Amino acid sequence: METLFRLARIAYPVTALGPGRRLALWSAGCPLNCPGCITPELRPPNAGQPIAVTALARHILHLDQPLDGVTFTGGEPLAQAGALGALWALLQAARPAWDLIVFSGYPKAQWLRRRNAARLLAATDLLIAGPYRPQRPGRHPLQASANQRLHALSARGEALRTQGAKTEPGQRNLGMIDAATGWLIGIPTPRRRPASAPDPRHSVNP
């Protein structure tokens, strides 16, 4: 049976969600409801559109873009860890030089308890894990809040964490939801983060 993934958004090349030129993929659905969530429109489990994992992998692999890696964010990647693990296996087989960064609102311990997350966790290079806490500004450019932990799960992950620490905080890219609607992509500094839930047509998305 074909594995389906519920895709909220995809953007490339992105430089604001990890070092290098990356493909960023937003999974739909998140049960955490963190105060100050910057992508509340992606919380519903029926957000986005279902797509077969093999079709999504084929689309990504045929992009005419030089990429260094992939970033999974959301929404909440752990909510679709099985499908993302299957997707990454297809991408990694064809692009072994690509690295993988995953942003999650769940701590690493929660990932370890989920059997369907084992495949994705084992292949992840850098896991940025923990719920967003607006009262605790992040200190590392890849942290939205300081309670989040950057877990380097491989030698490549350690290099990503080190390179990420040297980047300018608050980098942003412009993405397009459709031909007329854009949104800002990145991990904003506290002064750039909106005070309330943003309009999804013009938001900043970790």
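Remember, predicted model here, so these are calculated numbers, not experimental data.
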Next on the checklist: Please evaluate residues W26 and T39 with respect to the criterion side-chain hydrogen bond (donor to acceptor under 3.5 Å, both in side chains), reporting the C-alpha separation (whole Å), side-chain torsions for both, the decisive distance (0.1 Å), and the verdict.
Outcome noted: CA-CA 10 Å; W26 285 260; T39 53; over 6 Å; no

Next on the checklist: Tell me which pairs pass salt bridge (charged side-chain N to carboxylate O under 4.0 Å, His left out) where either residue lies in residues 121-143, with sequence neighbours left out.
Outcome noted: D125-R156

Item to check | Pair listing, salt bridge (charged side-chain N to carboxylate O under 4.0 Å, His left out) test, anchored in residues 23-34, at least two apart | outcome: none

Heavy-atom closest contact ([X] atom, [Y] atom, distance):
X    : Y    : answer
G48  : A28  : N-CB, 4.4 Å
G164 : P141 : O-CG, 3.3 Å
Y132 : P35  : CD2-O, 3.5 Å
A79  : G29  : CB-O, 4.2 Å
P96  : A93  : CD-O, 4.2 Å
A152 : G157 : CB-C, 3.6 Å

Looking at [atom1] of [X] and [atom2] of [Y], how far apart are the two atoms once the value is rounded to the nearest 0.5 Å?
X    : Y    : atom1 : atom2 : answer
Q92  : L100 : CD    : CG    : 8.0 Å
L32  : S104 : CG    : OG    : 7.5 Å
T54  : L87  : OG1   : CG    : 10.0 Å
L160 : R22  : CG    : CZ    : 6.0 Å
I187 : I128 : CD1   : CD1   : 6.5 Å
R161 : L127 : CZ    : CG    : 11.0 Å

Without swapping roles, check the side chain of [X] against the backbone of [Y] for a donor-acceptor pair under 3.5 Å.
X    : Y    : value
Q80  : F5   : no
R119 : N116 : no
R149 : A146 : yes
H140 : L142 : yes
E76  : P31  : no

Next on the checklist: Going by salt bridge (Lys or Arg N to Asp or Glu O under 4.0 Å), name the residues that satisfy it together with R6, two or more places apart in sequence or in a different chain.
Outcome noted: none

Next on the checklist: Are L120 and L4 connected into the same hydrophobic cluster when the rule is that any two of I, L, V, M, F, W, Y join if their side-chain heavy atoms are below 4.5 Å apart?
Outcome noted: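 Shared cluster, no.
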
Next on the checklist: Can you confirm whether more than 12 heavy atoms, excluding those of Q49, are under 6.0 Å from its CD atom?
Outcome noted: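 No, because the 6.0 Å sphere around CD of Q49 holds 12 heavy atoms or fewer from other groups.
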
Next on the checklist: What verdict does the side chain to side chain contact (heavy atoms under 4.5 Å, CB included) test give for I101 and L17, after you've listed the backbone C-alpha separation in whole Å, the side-chain angles of each residue and the deciding distance to 0.1 Å?
Outcome noted: CA-CA 8 Å; I101 295 175; L17 294 177; over 6 Å; no

Checklist entry - With sequence neighbours left out, what residues match N147 under side chain to side chain donor-acceptor pair (under 3.5 Å)? => result S145

Next on the checklist: Among residues at least two apart in sequence or on other chains, which ones pass side chain to side chain donor-acceptor pair (under 3.5 Å) with S27?
Outcome noted: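 Checked S27 against side chain to side chain donor-acceptor pair (under 3.5 Å); zero matches.
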
Compile the donor-acceptor pairs under 3.5 Å between side chains in residues 55-70 and protein atoms, sequence neighbours left out, one pair per line.
residue: H62; atom: ND1; partner: R58; partner atom: O; Å: 2.8
residue: Q65; atom: OE1; partner: R21; partner atom: NH2; Å: 3.0
residue: D68; atom: OD2; partner: R21; partner atom: N; Å: 2.8

Checklist entry - Are R114 and Y106 in a cation-pi contact, defined as NZ or CZ under 6.0 Å from the six-membered ring centre and within 45° of the axis? => result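 Yes - R114 lies over the ring of Y106, closer than 6.0 Å to its centre and within 45° of its axis.
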
Next on the checklist: Evaluate L23 against W98 for side chain to side chain contact (heavy atoms under 4.5 Å, CB included), listing each step before the verdict.
Outcome noted: CA-CA 10 Å; L23 179 134; W98 284 1; over 6 Å; no

Checklist outcome for this item: Exactly one of V102, T3, L25 clears side chain to side chain contact (heavy atoms under 4.5 Å, CB included) with L84, and that residue is L25

